[in-house]
Amino acid sequence: MTLWTTVLLASGFAFALKFLGYVVPHQVLDGPVVSRVTAMLPVALLSALVAVQTFTSQGGGLTLDARAAGVAVAVGALLLRAPFLVVVILAAATAATLRALGWA
Amino acid sequence: MPEPEPFLADERRKEVLRQCLSVGIATGAYGISFGALSVAAGLDLWQTIALSALLFSGASQFAVVGIVATGGSGAAAVATSTLLGLRNGLYGLQMSRLLGVGGLRRVPAAHLTIDESTAVAIGQPEPSAQRLGFWGTGLAVFVLWNLSTLLGAIVGNALGDPKRFGLDAAAPAAFCALLWPRLKSGDARAVAAVAAVIALVVAPHAPAGIPVLVAALAAVVAGLLPSREPRDRDDLGDPSASPDLGEASTSPDEETPP
């Protein structure tokens, strides 16, 4: 799959899902189970993305490196209610600094 | 684009528009990090712009570039992005009731149906303010998100080697910040913990991108089990009951002075 195919397919599906909400009869998608699964999906996916992108190397093996320090600082910033951009920049700066110092 | 709502007092109109703008600015600001991460992941400027203009859903966009960056397949990127976008379908279902749109107007309405526009809309007590909040927030976020994506992509291109600037740590930090406001209930925190463990256990044995999809099963199982917290079962109509609305610091009640 080329990058363009990925971009356009992801965009197409994203719009189709949004549009579906406006055209399907309301009873089809309403219900506590559908609501709960839909609310929990982003939680599971985002958490898995954090774990994989923080603790795995290219081959999928577990590692601990500058990224983990960056994410730890990000969590600290989130606890202090820092805005999104500050959280992201602090994480990047932490990892970059540790690498520049040769510590990770 | 729709006319301004005629039956809203000037005072209220300004109040709602101010909320739209502040959410737009807060969200737009992190479009910069998306643009930078996207070009660092190997997408070119136009692909980055296309994601913000056409996909237009923050978490899904970050997932696509995150999975591409770590060598995952296009199929895994599309699948993860689509699963993340399922919630927008439910928002659409709800917005179609509030907005009363039909025909071709459903196309821009659907495109602007995201966490932020839905959150601001359902946060308003009266129907005309709900509609104004939806369209105003949707448009403000759309314009600012795309402009800041462009800015971020240009800055990212100028930076060069992503590792030197710690951009590989910025990506999981961005996911953390997107996850944070969704962790208010105990159920959500349990799902997050289980999903992270599943992903790490599967990671050494599966191609990149797949562990995240396997971890999605945690959400499906949690949804099928009865809730420990009755609050979670509330209809999406109550914004305070939904852990799903408002990404990072963009939830309207945090951004706007009371």
Side-chain angles (χ1 to χ4, degrees), chain A residues 1 3-7 9-11 13-15 17-23 26 29-30 32-33 35-56 58 60-62 66-67 70-71 74-75 78 81 83-85 87-88 91-96 99, chain B residues 29-30 33 43 47 50-51 54-55 57 60 64 74 77-78 81-90 92-93 96 106 110 113 165-180 182 188 191-192 195-196 199-200 203-204 211-212 215-216 218-220 222-223 233 244 248-249:
Chain A
M1 197 182 288
L3 270 180
W4 268 117
T5 315
T6 302
V7 166
L9 268 182
S11 301
F13 284 129
F15 180 78
L17 283 173
K18 291 172 177 176
F19 195 67
L20 216 58
Y22 286 81
V23 292
H26 290 156
L29 283 173
D30 258 350
V33 172
S35 285
R36 280 175 54 75
V37 172
T38 319
M40 286 303 166
L41 265 179
V43 173
L45 291 166
L46 290 169
S47 175
L49 281 164
V50 173
V52 166
Q53 301 214 344
T54 307
F55 298 114
T56 68
Q58 276 292 343
L62 301 189
R67 292 171 302 169
V71 172
V75 170
L78 286 165
R81 306 177 68 91
F84 189 97
L85 200 57
V87 170
V88 172
T94 303
R99 282 192 188 120
Chain B
Y30 70 87
S33 52
L43 281 81
Q47 288 160 344
L51 277 178
L54 302 175
L55 204 166
S57 190
S60 292
V64 169
V78 171
S81 157
T82 304
L83 285 177
L84 277 167
L86 273 174
R87 68 189 192 285
N88 290 329
L90 275 205
L93 195 67
S96 69
R106 286 178 299 186
T113 300
F165 294 94
L167 284 182
D168 55 336
F175 289 123
C176 243
L178 290 168
L179 175 63
W180 203 256
R182 301 174 200 276
V191 167
L200 290 180
V212 172
V220 177
R233 299 257 274 272
D244 214 45
S249 60

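Residue numbers begin at 1 in each chain, while the letters A, B, ... track the order of the sequences. Basis for what follows: all heavy atoms, side chains included, without hydrogens, waters or symmetry-related copies.
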Participant: Is A/Val33 close to chain B through its backbone or its side chain, or both, or neither, when contacts mean heavy atoms under 4.5 Å?
Facilitator: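 Contact with chain B: backbone and side chain both.
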
Participant: Relative to chain B, which segment of A/Ala48 carries a heavy atom at a distance below 4.5 Å: side chain, backbone, both, or neither?
Facilitator: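 Contact with chain B involves both backbone and side-chain atoms of A/Ala48.
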
Participant: Which residues satisfy the side-chain contact (heavy atoms from CB on, under 4.5 Å) test with A/Tyr22, sequence neighbours excluded?
Facilitator: B/Met95, B/Ser96, B/Leu99, B/Val101, B/Arg106, B/Ala109, B/Ala110, B/Thr113, B/Phe134

Participant: Taking all atoms of both residues into account, what is the closest heavy-atom pair of B/Arg87 and A/Thr38, and its distance?
Facilitator: CA-CG2, 3.3 Å

Participant: Which bit of B/Thr82 comes within less than 4.5 Å of chain A, counting heavy atoms only: side chain, backbone, both or neither?
Facilitator: both

Participant: Measure B/Val212 against the heavy atoms of chain A and call it side chain, backbone, both or neither at under 4.5 Å.
Facilitator: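 For B/Val212, the contact with chain A is made by backbone and side chain together.
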
Participant: Side chains of A/Phe84 and B/Leu178: does their closest heavy-atom pair fall under 4.5 Å?
Facilitator: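 The answer is yes, as the side chains (C-beta and beyond) meet within the 4.5 Å cut-off.
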
Participant: Can you tell me how far CG of A/Leu3 sits from CG of B/Leu51, rounded to the nearest 0.5 angstrom?
Facilitator: 9.5 Å

Participant: Got a second to check how far A/Leu45's CG is from B/Leu84's CG, nearest 0.5 Å?
Facilitator: 4.5 Å

Participant: Any non-hydrogen side-chain atom of A/Leu78 less than 4.5 Å from a side-chain atom of B/Cys176?
Facilitator: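 Yes. Closest side-chain heavy atoms under 4.5 Å.
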
Participant: Counting only heavy atoms closer than 4.5 Å, note whether A/Ala14 contacts chain B via side chain, backbone, both or neither.
Facilitator: side chain

Participant: Taking side-chain contact (heavy atoms from CB on, under 4.5 Å) as the test, write out the residues that go with A/Ala92, two or more places apart.
Facilitator: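 Scan of A/Ala92 (side-chain contact (heavy atoms from CB on, under 4.5 Å), adjacent residues dropped) gives B/Ala170.
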
Participant: Using heavy-atom distances under 4.5 Å, tell me whether A/Leu62 contacts chain B through its side chain, its backbone, both, or neither.
Facilitator: side chain

Participant: Looking at A/Phe19, A/Phe13, A/Phe55, which makes the most heavy-atom pairs under 4.5 Å with chain B?
Facilitator: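 The option with the most such pairs is A/Phe19.
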
